[in-house]
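By convention here, the first residue in the shown sequence is residue 1.
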Amino acid sequence: KSLDIQYRLLPTVSGQSPLHYFDGATMRSYQNPPKAWETVYCHRRPMPQSCAKYRGYDKNTVNYSIDDFEVRMSSLGEGAGR
């Protein structure tokens, strides 16, 4: 896989690696693209199979009950986790 990525990278003007500023936050933005990108992608014809399977509301999908979750104060102190 990493070899595929190297073949697709375009050289930079400076000659430095194009991945010099590619960090975890950048990778995360590619893993979870904005809703607008998903909308554009899913309007392709034919519609990608992933859009038909994982997008939108499916009344046959079992949802978790609120009783399955526990909410409590942080043990790290006031304001932690916010």
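Taken from SG in C51 to CD in E38, the straight-line distance is 6.5 Å, to the nearest 0.5 Å. Distance check, rounded to the nearest 0.5 Å: CG of D23 to CZ of R28 gives 13.0 Å.
Under the side chain to side chain donor-acceptor pair (under 3.5 Å) criterion, Q49 pairs with no residue, sequence neighbours left out. When the side-chain contact (heavy atoms from CB on, under 4.5 Å) test is applied to T61, the partners found at least two apart in sequence or on another chain are D58.
L9 is connected to M27 through a chain of hydrophobic side-chain contacts under 4.5 Å among Ile, Leu, Val, Met, Phe, Trp and Tyr, so both are in one cluster.
Across every non-hydrogen atom of P18 and L10, the tightest pair is CG-O, 3.6 Å.
Between the side chains of D68 and S65, no donor-acceptor pair of N or O atoms lies under 3.5 Å.
Inter-residue side-chain proximity for S50 and Y41 is flagged as met; some heavy-atom pair is nearer than 4.5 Å.
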